[in-house]
Amino acid sequence: MQSALLVAVRMERGSRRRSEPEEADKGRMKRTIIKDWKTRLSYFLQNSSNSNKRKSKKAGKHRNYFRPSPEEAQLWSEAFDELLANKYGLAAFRAFLKSEFCEENIEFWLACEDFKKTKSPQKLTSKAKKIYNDFIEKEAPKEINIDFQTKTMIAQNIQGPTHTCFSAAQKRVYSLMENNSYPRFLESEFYQELCKKAPLSRAAQGT
């Protein structure tokens with residue numbers, strides 16, 4: 001009886017020893033994921049900041065992008081457009097797509113947004129060709145997942161480009177991101193971390 005009890009105690013101690021390293025590994029993995037996210041995010045924010053610095057040099061303005069409050073971050077879960085309209089949110093989403101190896105979707109969407117704002121006919125033509133070469137043609141470096149019929153239609157449209165050349169493809173990619181990547185982003189460790197409120201200090205709790 002005593003030996004059986006001793007074996008049971010040893011087994012319990014052994015299971016505890018095994019579970020402790022497992023928990024430690026999970027904690028380390030979570031910290032690594034969040035650190036990797038922050039590295040990617042700082043890269044995209046740096047690029048956004050540099051881009052805006054160049055655009056606003058004439059006006060003498062410069063915008064920095066600060067970490068949003070938990071309340072601001074929570075707004076991103078209300079609608080996909082809320083996320084895309086926020087500079088920090090957009091950079092965070094790009095970092096997430098990069099981690100999923102599908103950042104070409106947001107890059108194409110952004111390129112289309114820029115294309116629609118282009119006024120010069122010459123620039124419209126050159127941008128249309130660049131978007132087609134980068135994202136649409138077969139084996140393009142950032143080829144997006146759209147059907148053959150849409151690709152054919154775009155190839156014809158860019159011969160005499162208008163602002164609606166890529167509208168069908170942009171809608172398709174938007175829908176793909178909204179229905180697939182966006183829900184996963186909202187469940188990600190990084191987004192959950194942004195939504196966490198800092199715990200109140202004892203002094204604050206006592207007031």
Side-chain angles (χ1 to χ4, degrees), residues 40-65 68 75-186 191:
R40 288 198 186 104
L41 180 57
S42 65
Y43 166 77
F44 286 119
L45 286 173
Q46 181 79 30
N47 281 0
S48 296
S49 180
N50 288 342
S51 172
N52 279 299
K53 194 187 285 184
R54 286 193 295 270
K55 287 177 184 176
S56 60
K57 253 185 181 177
K58 292 177 184 177
K61 294 177 183 176
H62 173 52
R63 286 185 63 185
N64 288 316
Y65 303 117
L75 286 175
W76 304 345
S77 66
E78 292 183 6
F80 187 41
D81 283 336
E82 287 282 349
L83 173 66
L84 297 181
N86 183 284
K87 294 288 184 185
Y88 195 103
L90 178 60
F93 187 59
R94 285 183 74 181
F96 174 74
L97 292 183
K98 189 171 179 65
S99 74
E100 291 206 330
F101 305 101
C102 57
E103 67 267 31
E104 69 277 358
N105 290 329
I106 192 65
E107 288 181 14
F108 171 71
W109 185 84
L110 289 168
C112 289
E113 288 296 288
D114 175 66
F115 177 77
K116 289 188 291 187
K117 294 171 188 171
T118 305
K119 294 177 181 178
S120 162
Q122 289 81 11
K123 284 186 179 178
L124 200 70
T125 301
S126 63
K127 283 184 180 181
K129 286 178 181 176
K130 181 165 174 52
I131 291 173
Y132 181 81
N133 293 337
D134 286 351
F135 300 101
I136 308 297
E137 71 177 349
K138 190 177 179 182
E139 296 183 6
K142 302 175 185 177
E143 188 177 2
I144 55 170
N145 184 19
I146 55 172
D147 60 273
F148 178 76
Q149 189 177 355
T150 304
K151 284 189 175 190
T152 305
M153 184 177 69
I154 291 171
Q156 292 170 352
N157 288 343
I158 64 167
Q159 301 307 314
T162 64
H163 288 97
T164 58
C165 271
F166 303 101
S167 294
Q170 190 183 15
K171 283 179 186 174
R172 158 77 180 154
V173 167
Y174 179 95
S175 177
L176 196 67
M177 292 190 295
E178 184 180 32
N179 295 319
N180 295 305
S181 305
Y182 174 56
R184 289 199 298 276
F185 169 77
L186 296 179
Y191 177 68

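All heavy atoms count here, side chains included; hydrogens, waters and symmetry mates do not. The residues of the chain are indexed from 1 along the displayed sequence.
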message: Please evaluate residues Y182 and M177 with respect to the criterion side-chain contact (heavy atoms from CB on, under 4.5 Å), reporting the C-alpha separation (whole Å), side-chain torsions for both, the decisive distance (0.1 Å), and the verdict.
response: CA-CA 6 Å; Y182 174 56; M177 292 190 295; 5.8 Å; no
message: With a 4.5 Å cut-off on side-chain heavy atoms, are N105 and L176 touching?
response: yes
- prompt: Is the backbone of W109 close enough, under 3.5 Å, to the side chain of E113 for a donor and an acceptor to pair up by distance?
  reply: no
Close side-chain approach of R94 to L97, heavy-atom, < 4.5 Å: no
query: Is the Y191 ring parallel, tilted or perpendicular to the F185 ring (thresholds 30°, 60°)?
result: tilted
task: Give, for atom CG of N180 and atom CD of E100, the distance between the pair rounded to the nearest 0.5 Å.
output: 9.0 Å
task: Starting from the C-alpha separation in whole Å, work towards a yes-or-no answer on side-chain contact (heavy atoms from CB on, under 4.5 Å) for F108 and I136.
output: CA-CA 9 Å; F108 171 71; I136 308 297; 3.9 Å; yes
message: To the closest 0.5 Å, what do you measure between NZ (K129) and CG (N133)?
response: 9.0 Å
- request: List the steps, then state whether side-chain contact (heavy atoms from CB on, under 4.5 Å) holds for L110 with L90.
  value: CA-CA 10 Å; L110 289 168; L90 178 60; 3.8 Å; yes
query: F80 and Y174: aromatic ring centres closer than 6.0 Å?
result: yes
- prompt: Are P68 and W76 close enough that some pair of their side-chain heavy atoms sits under 4.5 Å apart?
  reply: yes
message: Rounded at 0.5 Å granularity, tell me how far OG in S126 sits from NZ in K123.
response: 8.0 Å
- prompt: Listed by chain and number, what are the side chain to side chain donor-acceptor pair (under 3.5 Å) partners of D147, not counting sequence neighbours?
  reply: T150
- request: Name the orientation class of the two ring planes belonging to F115 and H163 (parallel below 30°, tilted from 30 to 60°, perpendicular beyond 60°).
  value: tilted
- prompt: What distance separates L84 CG from F93 CZ, expressed to the nearest 0.5 Å?
  reply: 6.5 Å
statement: Between the CD1 atom in I158 and the OG1 atom in T125, the distance rounded to the nearest 0.5 Å is 9.5 Å
Would you be so kind as to tabulate the donor-acceptor pairs closer than 3.5 Å made by side chains of residues 138-146, with sequence neighbours excluded?
{"from": "K142", "atom 1": "NZ", "to": "E107", "atom 2": "OE1", "distance (Å)": "2.9"}
{"from": "E143", "atom 1": "OE1", "to": "E139", "atom 2": "N", "distance (Å)": "3.0"}
{"from": "E143", "atom 1": "OE2", "to": "K151", "atom 2": "NZ", "distance (Å)": "2.4"}

query: Is there side-chain contact between R184 and F96, with at least one heavy-atom pair below 4.5 Å?
result: yes
- request: Could you list the residues that satisfy side chain to side chain donor-acceptor pair (under 3.5 Å) with K127, not counting sequence neighbours?
  value: D114, T118
query: Rounded to the nearest 0.5 Å, what separation is found between the CD1 atom of I154 and the CD atom of Q170?
result: 10.5 Å
